[in-house]
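These values consider heavy atoms only, across backbone and side chains, with no hydrogens, waters or symmetry-generated copies. All ligand and atom numbering here is 1-based and tracks the order in the structure. Numbers here simply count residues along the sequence, with the first being 1.
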Amino acid sequence: MKLPAISIVVCVLFILHAACSVESRRSFRSWEYTSIFAFGDSFADVGNTPGKSHGPVSRAWYYPYGESVTTGRAKATGRFSDDKVQSDFLAKTILGLHEAPPAYNRVGFHLYLNGVTFATGGAGVFQVPAANVTTIGQQVDSFERLLKKGTISRSRLRYSVFLVAVSGNDYEPAISNEMLAAKVTDEIVAIVNRLRKLGAKKILVNNMHPLGCAPRRARYGNTGNYTGCDQHGNAIASVHNNLLEQKLANTNDTVLVLDINTAFTKIINGSYGSDQFTNRLRPCCEATDPKGYCGRGDNAGVLEFNFKLDMDHVNSYFYWDEMNPTNAGWKAVMKQLERTIKDFLSTDH
Ligand SMILES: *[C@@H]1O[C@H](CO)[C@@H](O)[C@H](O)[C@H]1NC(C)=O
Ligand SMILES: *[C@@H]1O[C@H](CO)[C@@H](O)[C@H](O)[C@H]1NC(C)=O
Ligand SMILES: *[C@@H]1O[C@H](CO)[C@@H](O)[C@H](O)[C@H]1NC(C)=O
Ligand SMILES: *[C@@H]1O[C@H](CO)[C@@H](O)[C@H](O)[C@H]1NC(C)=O
């Protein structure tokens, strides 16, 4: 619930601000947006993966995922981080929502007052065989069903922010070639156009983070042992980003391509937050076995972990596991994008 008295005070402040400002663009008004609908993979997953085993996709339900969480009953919440992920920072820090959108698979009957996230760790625009989770198109199918049933009313869509977080599962395991980037970006554009047809007015679309810097590439890449990024992985991300920018250029009233690539790169190359992030490629939770992964444990109940963890210094790490940023990492990425997002959400819709 928003407090009306505070809203009025803030409103007066904004009117004064607008009157004094020479800018034609008005200020961001946080109360205009009440919901987020998120689609994608681990960057925006807040608990959609099944939690049955310690498999690569389900591990976010087990130690050490969520180790920085201090509130609530369970630490691991199905997020691929030590605490929060991208959609949480978008909701709470940037939009100022009371609650971040919950996971679609975890809520029963629900009015989705703050929206909902369909994003699922391991998902791609195409079916990713290793993960066996919903594709991002299937996530949009679920959203469309809620609209058709009236669970989410169409009149709410103009007060909603959409997030499409595609982080490269389609390019794994081999990172693949440029031809694939053409197909992946076509699919992202198709997803965005579907959301626009369904009534979305403000859609944030992540560009591709530097794939070659993700610890799983930096560990074995060009120079190895986290001493540099894998150039081939970064080249694919560049091809992807150029194509995405071109293909979405004519939809810039409803679509903002979020340049997470630059935000990640600045942290990794030390030009942003270097006082804090002294570990920029090596993950806080690192597999000790080359075939292992963070969170891998023995399913038989014997706690025998194939990873090492440096929780004492978690805030100095940009990456949490071999692909995903830490809570501190996401905070620093979203801080860099906050102004751009607020400017975009301030234009008429
Ligand atoms: C894939 O997921 C579906 C639905 O969760 C499940 O029924 C099926 O058994 C899974 N297939 C494999 C190969 O794990
Ligand atoms: C990798 O780097 C770490 C710390 O920088 C060092 O302790 C370790 O010996 C290195 N491993 C190899 C295989 O070079
Ligand atoms: C969209 O792009 C056009 C042409 O590049 C530009 O004039 C306009 O300001 C852009 N709109 C927004 C909302 O950024
Ligand atoms: C770091 O990366 C950013 C974004 O790509 C770039 O603009 C900047 O020049 C780089 N800085 C250094 C020191 O390499």
Side-chain angles (χ1 to χ4, degrees), residues 40-44 81 85-86 89-90 93-94 163-172 175-178 180-182 184-185 188 204-249 252 255-284 313 315-344:
D41 51 41
S42 58
F43 282 12
S81 162
V85 296
Q86 186 186 14
F89 285 102
L90 177 64
T93 311
I94 299 186
L163 173 66
V164 178
V166 178
S167 321
N169 291 311
D170 294 291
Y171 295 118
E172 292 295 335
I175 291 288
S176 319
N177 55 33
E178 281 82 356
L180 185 58
V184 171
T185 49
I188 294 174
L204 308 175
V205 182
N206 281 354
N207 73 358
M208 192 55 65
H209 62 106
L211 289 167
C213 300
R216 66 176 158 210
R217 311 292 309 173
R219 182 176 194 170
Y220 306 110
N222 290 23
T223 50
N225 201 21
Y226 309 107
T227 53
C229 303
D230 171 58
Q231 295 313 313
H232 182 52
N234 283 0
I236 296 286
S238 292
V239 173
H240 176 107
N241 290 343
N242 290 335
L243 289 170
L244 192 67
E245 197 69 52
Q246 285 165 24
K247 293 177 187 179
L248 290 174
N252 71 348
V255 178
L256 173 67
V257 176
L258 275 186
D259 189 3
I260 68 164
N261 186 287
T262 297
F264 274 52
T265 304
K266 282 188 172 171
I267 293 169
I268 292 163
N269 76 12
S271 62
Y272 184 93
S274 60
D275 292 348
Q276 178 180 1
F277 296 107
T278 47
N279 294 291
R280 301 177 202 138
L281 292 173
R282 186 181 293 277
C284 181
H313 307 105
N315 289 328
S316 73
Y317 285 85
F318 175 60
Y319 285 107
W320 166 249
D321 62 14
E322 72 285 352
M323 148 108 181
N324 301 285
T326 53
N327 181 80
W330 272 125
K331 188 175 182 184
V333 166
M334 294 309 278
K335 188 81 205 155
Q336 293 178 70
L337 297 167
E338 181 168 353
R339 187 73 264 150
T340 311
I341 293 172
K342 285 185 171 175
D343 284 348
F344 169 68

Sole residue of Pro215, Pro325, Pro283, Cys284 in side-chain contact (heavy atoms from CB on, under 4.5 Å) with Tyr317: Cys284
Non-hydrogen atoms of Met334 and Phe89 that approach each other most closely: CG-CB, 3.8 Å
Ring geometry between Tyr171 and His240 (parallel below 30°, tilted from 30 to 60°, perpendicular above 60°): perpendicular
Which class fits the ring pair Trp330 and Phe264: parallel under 30°, tilted 30 to 60°, perpendicular over 60°? perpendicular
Enclosure of Glu338 CD (heavy-atom neighbours >12, cutoff 6.0 Å): yes
So which residues, sorted by chain and number, lie with a heavy atom under 4.0 Å of ligand 4? Thr262, Thr265, Lys266, Asn269, Ser271
Only one of Asn279, Leu281, Ile267 clears side-chain contact (heavy atoms from CB on, under 4.5 Å) with Phe318; which? Ile267
